[in-house]
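Here is the structure we will look at, set down as structure tokens.
In what follows, every heavy atom counts, from backbone to side chain, and hydrogens, waters and symmetry copies are set aside. We number each residue from 1, following the sequence as shown. Start at 1 and go down the list; that is how both ligands and their atoms are numbered.
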Amino acid sequence: MLNKIDNLLKETEGFLADKIDDVENFRISMLGKKGKITSLFNEFKNVPNEQKREFGQKINQLKTKALDKVNELKSKLESDIEFSSGMDLTAPAANLNLGSRHPLSIVRNEIIEIFTRLGFTVSEGPEIEDDWHVFSALNFPEEHPARDMQDTFFIEKNPDILLRTHTSSVQTRVMESQEPPIRTISPGRVFRNEAISARAHCIFHQIEGLYIDKDVSFADLKQTLLYFAQELFGHETKIRLRPSYFPFTEPSAEVDVTCSLCGGKGCNVCKYTGWLEILGCGMVDPNVLDSNNIDSKKYTGFAFGMGIERITMLKYGIKDLRLFFESDVRFLKQFKGSY
Ligand code: DAH
């Protein structure tokens, strides 16, 4: 009996296989229900008492050896299969090809973040608007050229329903639904009937800002815009305000920043002036406050509006606005890693 065990031990130790099936057959032949080791266990009751201890130890040793052998051979052969099928489970995972944010979204989010730090909320309004919210409530005279068919996409005439030509319409929406103090910015899409070129598109994006409270002054406007410009373009940035005209602000100004690409020295982006125009602004015209039921004797405010495409072009030195709308991944891919 003990000899039998020794022979089986030798058989186990010497067993080799190059196919998983052979290992499985070996397992069945040794450890299966009718296997050689299993039947030895069945004979245990016939072993004389004085040999039981030695027999028990040996047969348990044999069983452990056989199990180890089976497991060792199986895992070796399985990993061989992995390699031979070209699969290497230790190889690093392939990169997931993640998309990236659109440059206009990156810059919009950055602008929103800057103004949120100053306590501005974010408001939205509809893209399809009426004449009141886009023009009349903002003090546009009846014959103002912006109302012209050549600029505005009309959906219906009399009463006029149109695609908003600027996000200033959200000012009207906010003023009619909120009491001062109001401090909000409104990002969104706007539409103008313009020929598409490197510098213009019929659909583009703006961010409008509005601040109404007691004693809001032109100095508040300047300081807010200086903070904004320095956060967006860098802390050395300077601003300058040039007098301008908008129907809804008085006084009005256009704001330039020192060119962030040449640091104000002059380059082809700033046309060798050292300055780049980034937005329009002004003190909210008292007529606008009164049209929207805000008492212009009690409250003053400032407003500003900027084109996101323009700011993005200046920030990244992009020369053609059409790139934003063509979905060319070679262009979009360059903004990977930005948020
Ligand atoms: N709505 C103007 C435009 O589309 C931009 C603008 C200028 C907005 C001055 C303002 C402002 O709020 O005060 O060109």
Residue among His205, Arg199, Gln206 satisfying side chain to side chain donor-acceptor pair (under 3.5 Å) with Glu309: His205

Point-to-point distance, once rounded to the nearest 0.5 Å, from CE of Met306 to CG of Leu232: 8.0 Å

Stacked cation flag Lys52 on Phe44, 6.0 angstrom / 45 deg: yes

Aromatic centroids of Phe135 and His144 separated by under 6.0 Å: no

Pairwise, report which nitrogen or oxygen atoms of ligand 1 are under 3.5 angstrom from protein nitrogen or oxygen atoms, and how far apart they are.
unit_1: ligand 1; atom_1: 1 (N); unit_2: His166; atom_2: ND1; d: 2.9
unit_1: ligand 1; atom_1: 1 (N); unit_2: Ser168; atom_2: OG; d: 2.9
unit_1: ligand 1; atom_1: 4 (O); unit_2: Arg192; atom_2: NH2; d: 2.8
unit_1: ligand 1; atom_1: 4 (O); unit_2: Gln206; atom_2: NE2; d: 3.0
unit_1: ligand 1; atom_1: 12 (O); unit_2: Gln171; atom_2: NE2; d: 3.3
unit_1: ligand 1; atom_1: 12 (O); unit_2: Glu208; atom_2: OE2; d: 2.5
unit_1: ligand 1; atom_1: 12 (O); unit_2: Phe304; atom_2: N; d: 3.3
unit_1: ligand 1; atom_1: 12 (O); unit_2: Phe304; atom_2: O; d: 3.3
unit_1: ligand 1; atom_1: 13 (O); unit_2: Ala303; atom_2: O; d: 3.2

Thr184-Thr121 side chain donor-acceptor pair, cut-off 3.5 Å: yes

Passing candidate, side chain to side chain donor-acceptor pair (under 3.5 Å) with His133, options Gln171, Glu176, Arg164: Glu176

